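The block underneath contains the structure these notes are about, expressed in structure tokens.
The model shown is predicted, which means the values in this text are computed figures rather than measured ones. Read the numbers this way: they start at 1 and go in the same order the structure lists the ligands and their atoms.
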Amino acid sequence: MKQRVNRATETVWAGEKNYRAHGASQVPVVNSVAYDYEDLEHWYKVSTGEAEGHIYSRNTNPTVAAFEEKVAALEGAEAATSFATGMAAISGTFYTFLKPGDRVVSIKDSYGGTNRLFSDFLPHMNIEAVLCDTDDHEALEEEIGKGCRLVHLESPTNPTVKIIDIKRIAEAAHEAGALVVVDNTFATPILQNPLELGADLVIHSATKFLGGHADALGGVLCGNAELVGEVFHYREINGATLDPHAAYLLLRGMKTLDLRVRKQTENAGRLVEYLSGHPAVEDLFYPGLKTHPHHDIAAEQMRGYGAIFSFSLKGGQDAVRQVLPRLQFANRAANLGAVETTVGPANTTSHVESTEAELKALGIPSSLVRYSAGIEDHEDLIADMENALGILENQSYKREGTGDVLQERI
Ligand SMILES: *Cc1c(COP(=O)(O)O)cnc(C)c1O
């Protein structure tokens with residue numbers, strides 16, 4: 001019987017022992033494209049699934065399988081299958097389950113790439129995506145009630161870290177006979193397990209927190225063996241397979257996932273505490289703030305509020321342009337979830353394709369900055385932020401777009 005252990009132990013041990021070779025204590029990178037058999041009978045048995053083994057690395061590979069097992073264990077899932085990127089996992093899931101005439105219900109704040117699937121590609125197949133206001137649970141339930149094949153959710157969302165009550169929406173979806181897919185990239189399995197909340201499938205961009213070192217792309221899908229098997233079948237034919245080298249980097253990165261996410265979450269909380277009292281800050285979004293509209297849902301369904309928050313400055317874009325380059329301990333980059341702190345304005349990262357009007361409709365301030373806390377010392381991060389914001393002292397700013405001048409000196 002498999003002994004249930006805690007997540008910190010699973011991050012280190014799950015998926016490892018089954019794939020070691022030659023007595024090594026680490027899973028090897030198996031670069032082999034294909035596999036050799038004693039005789040044709042054995043080959044035939046592996047091909048038909050009667051014997052364990054691998055055929056061709058586009059389909060399965062030992063290093064990749066170890067990575068999948070680790071993620072499945074952490075999500076409490078029966079099975080997992082992996083992909084070259086997070087977007088391959090999301091699109092592969094959609095193309096597996098959706099047929100012409102189907103309807104998808106989702107949210108306006110989905111990851112940018114996911115949104116492009118809804119707007120630019122699914123309509124080619126006569127698949128309609130209805131995107132609701134992210135935190136409008138009634139609107140989501142109403143659209144789901146009209147009938148749909150799939151409900152795609154993200155919580156917390158990018159970049160304004162909105163929260164969806166996964167249990168509540170999953171119930172509505174199941175009543176309508178729909179599959180529930182949750183993109184759990186922001187929360188990570190350390191802080192949230194959507195399958196326990198009623199989701200059927202969980203997706204991660206492993207590129208972000210799972211790998212954690214911003215040096216490998218990957219995606220993964222978890223759920224029951226039947227559903228995951230269907231998506232695996234699509235992926236082995238579609239070909240968006242995870243590379244064994246990337247699988248190794250992700251596997252190694254995941255050994256410290258629990259440590260990293262705990263520290264990153266603590267750092268984000270400390271930074272938010274500091275910024276919430278700062279006179280230069282206009283908006284501050286973090287599910288851990290009591291003023292967050294769905295703080296109570298986050299407290300209920302998450303074990304921590306996450307490493308990501310966002311904020312805007314009273315001085316608008318001008319202020320952001322001055323402050324961000326002065327941060328010494330932050331990459332100005334389009335990714336998140338890495339050991340290094342990463343910052344970026346929403347209008348150059350997740351929403352680079354959105355117009356000013358679209359940002360406004362989404363409730364995203366045009367000068368919003370996403371901050372993904374790394375594992376650095378929190379006092380250094382706060383000092384770094386203090387120093388960067390210092391450039392705004394004794395300045396008054398023209399607010400971009402509106403033309404009114406901020407009178408107060410910040
Ligand atoms: C980055 C990201 C993706 C896409 O993942 P890639 O690995 O870049 O393809 C999907 N969802 C969320 C929430 C992300 O942050």
Taking the side chain as every heavy atom from C-beta outward, state whether Phe209 and Leu336 have any atom pair closer than 4.5 Å. yes
Donor-acceptor contact present, side-chain Ser106 to main-chain His152, <3.5 Å: yes
What do we get for Ile203 next to ligand 1 when only non-hydrogen atoms under 4.0 Å count, side chain, backbone, both or neither? neither
Give the numbers and elements of all ligand 1 atoms closer than 4.0 Å to a heavy atom of Ile90. 10 (C)
For atom 2 (C) of ligand 1, closest protein heavy-atom neighbour: Lys208 NZ, 2.5 Å
Ligand 1 to Asn158 polar contact by distance, N or O atoms, under 3.5 Å: no
Got a donor-acceptor contact below 3.5 angstrom from the Glu143 side chain to the Val104 backbone? no
Mind checking whether Gly218 has a heavy atom under 4.0 Å from ligand 1? yes
Does an N or O anywhere in Met87 fall below 3.5 Å from an N or O of ligand 1? yes
Is there at least one pair of N or O atoms, one from Thr114 and one from ligand 1, spaced under 3.5 Å apart? no
Interatomic spacing from CZ in Arg303 to CG in Leu191 - rounded to 0.5 Å: 7.0 Å
Tell me which protein heavy atom sits closest to atom 7 (O) of ligand 1, plus the residue, atom name and distance to 0.1 Å. Thr207 OG1, 2.7 Å
Under 3.5 Å, N or O to N or O, is Leu336 touching ligand 1 that way? no
May I ask you to check whether Glu154 has an N/O atom sitting below 3.5 Å from an N/O atom of ligand 1? no
Distance to 0.1 Å, residue and atom name: give those for the protein heavy atom nearest to atom 11 (N) of ligand 1. Asp183 OD2, 2.7 Å
Salt bridge flag under 4.0 Å for residues Glu266 and Arg270: yes
Taking Ser310 for its side chain and Leu368 for its backbone only, find out whether a donor-acceptor pair lies under 3.5 Å. no
Donor-acceptor pair, Gln192 side chain versus Ser155 backbone, under 3.5 Å? yes
Which residue and atom name correspond to the protein heavy atom nearest atom 5 (O) of ligand 1, and how close is it? Ser205 OG, 2.9 Å
Just to confirm my output: which protein heavy-atom neighbour is closest to atom 4 (C) of ligand 1, and how far is it? Tyr111 CE2, 3.4 Å
Counting N and O atoms only, with roles assigned by atom type, does the side chain of Gln301 sit under 3.5 Å from a partner on the main chain of Ile166, one being a donor and the other an acceptor? yes
Would you confirm whether Asn59, through its side chain, and Phe232, through its main-chain N or O, come within 3.5 Å as a donor-acceptor pair? no
